[in-house]
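Because the structure is a prediction, the values reported are computed rather than measured.
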Amino acid sequence: MDLRKDLSLQTYSQPIHVYINKNRLLNLNSFVIAEHFSNAGYVPLWEGRRGFQILGASPLLAFRGAHICNPKGQPAHLVLRNKAFFKQLLEQEQIATAHGLVFSAETREQAQAFLSSAAGLCVIKPVAGKQGKGVTTGISDITALNLAIEEALAVFTEQAELLIEEQFCDAEEARLLIVNGQCISAFKRLAPAICGDAITSINDLINESNKLKRKNPNECRLLIELTPSRLRALAKQNYTPQSILPKGEWLKLDDKASISTGGYTYECSDQIDESYKLIAERAAKLAAPTAVIGVDIMAKDFTQPANHDNYIVLEANSGPAITGHQYPSYGKAVDVVASIVNFCFSTRQFLPLTDTKLKVKVNIFVPPTLDATPMWLQLIKLVISADCDVSEIVPPHQLTLSTSEKNLQRIQSDFYQFFSQKNAALVFSRE
């Protein structure tokens, strides 16, 4: 029985977050942090769509996603990108991991031999993969292995190394978020699944699930798709996309619970035994001084204390998707952004902004359900009042200007006195 039977899907009213993420205007993990800073009176200056810096912060405070960049360089976080190397570090710390080996397309016979000797099902993943892409679970024979290898190589065309591991079966997967060495939130990853009603086809049930996903700021682009591996899994159960499930029957579409490929999140920090939080904190230390780390753990039962046989650490991520904690599919949201911002306040000085001139592009992002005209007109008034040097105007959402740091702060403050951050975003980007 799927645990979702007893849970209620969360609904959110954050149109600006949905709009920004759905249209890939800015990285949402970065944006929710930048929004917090601007609400406190600080000025984020964006560098492209993925990251920003805070004007006046000393030393430099810059984000890429939820990752806090180190101006002196931060080689420690690079260990997390190589799953095989990080696995070795975990094992040295006596932290449990899955048994596996690294191979390439040219040495796939090593993977075939590993599969033949494995006690059960296996998993294929790219060594430097991310977001669950190129990962195939439930591999039991050579044909499935070769298909999984080709699919992984198709996703990562320049990826020479793959990892085959014994699948940790009958277990749950959780992401534990570590900020400054402390676990502040945990959610379980739930594989994409649908519940039959004896009327609607599998394909249409997926479409209905995706309609709800489109309203969640974190999931609006992370929809359920029937990939080749999922179609093969359906066929093994004698289902097709047109099949109709019995009423009340839950069908898991994938053993892989990746949010990026249509999975769900269940915030359940209070249901995770403290031993797993300590393990996650130990794993995060291996990438010190990286401050924000997401550690992925599988366990037979997260309510029971960890021992070397009932859990494994899958990987850790130095740029974790924090919006899964802010906007979980199920469970109570956790304000993880506040913890990240508070860490920044404890490690940085914030100097008064100066008369130093900057050339910036100013954008107003407004959901299509709202009229942007009043916001645009107010912005123009504020720019004229600040005596900015305007070089380009693209009404009703963008202009390019040169002005001081102080003026940017004043324009931002005055703009949000008129308009809610829930409905509009004023964004400064370096030109």
query = Below 6.0 angstrom between ring centroids: does that apply to F187 and Y327?
reply =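 No.
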key: F345 ring center near F350 ring center (under 6.0 Å)   =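 Yes, the ring of F345 comes within the 6.0 Å limit of the ring of F350, centre to centre.
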ask   = Looking at CG of L205 and CD1 of I194, how far apart are the two atoms once the value is rounded to the nearest 0.5 Å?
value =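 That separation rounds to 4.5 Å.
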Check this for me: does any side-chain nitrogen of one of [X] and [Y] sit under 4.0 Å from a carboxylate oxygen of the other?
{"X": "E274", "Y": "K277", "result": "yes"}
{"X": "E208", "Y": "K213", "result": "no"}
{"X": "E47", "Y": "K361", "result": "no"}
{"X": "D197", "Y": "K247", "result": "no"}

message = Under a plain distance cut-off of 3.5 Å, with no hydrogens placed, do E267 and S269 share a side-chain donor-acceptor pair?
response =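 Checked: S269/E267 side chains pair up, N/O donor to acceptor below 3.5 Å.
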task = Return yes if a side-chain donor-acceptor contact under 3.5 Å exists between Q167 and T137, otherwise no.
result =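 No, T137 and Q167 have no side-chain donor paired with an acceptor closer than 3.5 Å.
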message = What verdict does the side chain to side chain contact (heavy atoms under 4.5 Å, CB included) test give for K300 and D170, after you've listed the backbone C-alpha separation in whole Å, the side-chain angles of each residue and the deciding distance to 0.1 Å?
response = CA-CA 6 Å; K300 299 293 185 180; D170 302 319; 4.2 Å; yes
task = Describe, in one word, how the ring planes of W46 and F52 are oriented to each other, choosing from parallel (under 30°), tilted (30 to 60°) and perpendicular (over 60°).
result =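 Tilted: the ring planes of W46 and F52 meet at 30° to 60°.
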task = Output, in order, the C-alpha distance, side-chain angles, deciding distance and verdict of side chain to side chain contact (heavy atoms under 4.5 Å, CB included) for V313 and V295.
result = CA-CA 8 Å; V313 170; V295 180; 4.1 Å; yes
Y264 six-ring face occupied by K188 cation (under 6.0 Å, within 45°) =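 Negative - K188 is either too far from the ring of Y264 or too far off its axis.
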query = Are H17 and F31 close enough, and set up right, to give a ring-ring contact (aromatic ring centres under 6.0 Å, His included), and what steps lead you there?
reply = CA-CA 8 Å; H17 289 179; F31 180 75; 5.7 Å; yes
